[in-house]
Amino acid sequence: MLRALAGEALWPPPVWLMRQAGRYLPEFRAMRDKADFMTRCLTPDMAVELTLQPIRRYAMDGAILFSDILILPWALGQSLAFEEGRGPVLDPLRSAADLARLDPARVAEATEPVRETLRRLSRELPAATTLLGFAGSPFTVACYMVEGCGSREFGATREMALTDPELFGRLIALLTDSTAEMLIGQIDAGAEAVMLFDSWAGLLPPSQFRRHVIAPTRRIVERLRTARPGTRIIGFPRLAGVMAPAYARETGVDALACDTSADMAQIARMVPDTLVLQGNLDPFILKTGGETLRREARAIRDGLRGRPHVFNLGHGVMQDTPPEHVAALVEAVRDV
Ligand code: 1CP
């Protein structure tokens, strides 16, 4: 996978899946009964085990650190809990006073268990398996911080961006710096490539997309390139649509992770040949399985033959996906 991320067109392409460690695996559910989600993220023994589960079963080419994008707000000092059936709940950030309570100086120490997890993983993983670190992008992390929970619209966040651009801009700047620092720490602890998840990028109109998605991502990429040259960076501006090629060109990421809605062949024509594409099978097709799964997976794979590609889904594995469908997908991608 590192060779593909460096721009080599490999055949067959390497494969890993977003949310490959998850509730669809019985061994994941067994661990879930033992400790709450934050404990699982912040206890290296558990996080290592959860990261390795899908590697043992499917020999994926990439192992993504078991953690969450919301560990950063928690490390900055914002309260965070994952409630059953509700997802993440944070103390909403709505004012300059709320912002002033965040403390970037806490992040390095608070995220030490994550780096310990990476150090252990880099010892335990097979050499051919690429260890991936990650973070949320500043805009997506800000969505949860301002809103205080998950949402379809993130109305409070988008309203703050428009009515108090100074405050919102300071939050984005703080997240940009902390994210770059945190990722440098992950790289030093063994992450061989990193992915930036911008799950809510597609909510923004073009002007705001440039300001809150492209510009901060470009700054993070520049910081990583200066501090740790050679690190491969994957960007995932979910639902960015026709803005995705501009995102790829202007941020300087090595790889563009495409969501389910993207026509990969069309995207391929809109970006430089050297840009690596990752994606983008519909997780619903994976869940459904059967001949459609094999046909659709191979259509994506075959359509990108000859250019650098990392096979993945367009979003995370759904929790009620039969584990044998994941095995069938990996087999379909690798069978040439
Ligand atoms: O109890 C549980 O098992 C909690 C479920 C869970 C898991 C397995 C959450 C809560 N996060 C995770 C792991 C996770 N999250 C990973 C680990 C590696 C892997 O892919 O296997 C990663 C990379 C993430 C990233 C993440 N977290 C994103 C970006 C990707 C995406 O899905 O768009 C987002 C938006 C989150 C927030 C989050 N964390 C958890 C939930 C339920 C949510 C979403 C809340 C919402 O609906 O908005």
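Start at 1 and go down the list; that is how both ligands and their atoms are numbered. Atom set for the values below is all heavy atoms of this structure, side chains included, hydrogens, waters and symmetry mates excluded.
Residues L281 and E296 are in side-chain contact: their nearest non-hydrogen atoms beyond the backbone lie under 4.5 Å apart. In this structure the side chain of P245 reaches within 4.5 angstrom of the side chain of R249, judged on heavy atoms. With contacts defined as side-chain heavy-atom distances shorter than 4.5 Å, the pair C149/Y144 does not qualify. You'll find the side chain of F139 stays beyond 4.5 Å of the side chain of Q208, heavy atoms only. Considering only heavy atoms from C-beta on, L125 comes within 4.5 Å of L52 through its side chain.
Protein heavy atom in closest approach to atom 45 (C) of ligand 1: P88 CD, 3.5 Å. Protein heavy atom nearest atom 10 (C) of ligand 1, with residue, atom name and distance: F82 CE2, 3.5 Å. Of the protein's heavy atoms, I69 CD1, 3.8 Å lies nearest to atom 28 (C) of ligand 1. Of the protein's non-hydrogen atoms, the one nearest atom 32 (O) of ligand 1 is H315 NE2, 3.0 Å. When only non-hydrogen protein atoms are considered, atom 21 (O) of ligand 1 lies nearest to R19 CA, 3.1 Å.
The nearest non-hydrogen atom to atom 30 (C) of ligand 1, considering only S67, G133, S199, comes from S199. Proximity annotation for atom 2 (C) of ligand 1: of R86, E84, R32, R152, R32 comes nearest, heavy atoms only. Summarising the contacts of atom 38 (C) of ligand 1 with D68, D36, L313, the nearest heavy atom is found in D68. Relative to atom 44 (C) of ligand 1, the option among W200, F134, F37, Y144 with the closest non-hydrogen atom is Y144.
Taking every heavy atom of both residues into account, G252 and V221 meet most closely at O-CG1, 3.8 Å.
Neither the backbone nor the side chain of T140 comes within 4.0 Å of ligand 1, counting heavy atoms alone. When heavy-atom distances to ligand 1 are checked against a 4.0 Å cut-off, M195 has no atom that comes that close, whether in backbone or side chain. Of the heavy atoms in P54, none comes closer than 4.0 Å to ligand 1. If you look at F236 next to ligand 1, there are no close heavy atoms at all, none under 4.0 Å.
Looking only at distances, no side-chain donor or acceptor of D103 sits under 3.5 Å from a matching main-chain atom of L76. In this structure a side-chain-to-backbone donor-acceptor pair under 3.5 Å is present from S95 to D98.
Residue contacts with ligand 1: G22 is excluded, as none of its non-hydrogen atoms falls under 4.0 Å. Residue G316 places every heavy atom at 4.0 Å or more from ligand 1.
In this structure, the ring of Y24 has its center no less than 6.0 angstrom from the ring center of H325.
Scored by the salt bridge (Lys or Arg N to Asp or Glu O under 4.0 Å) test, E116 finds R119, R120 as partners (sequence neighbours excluded).
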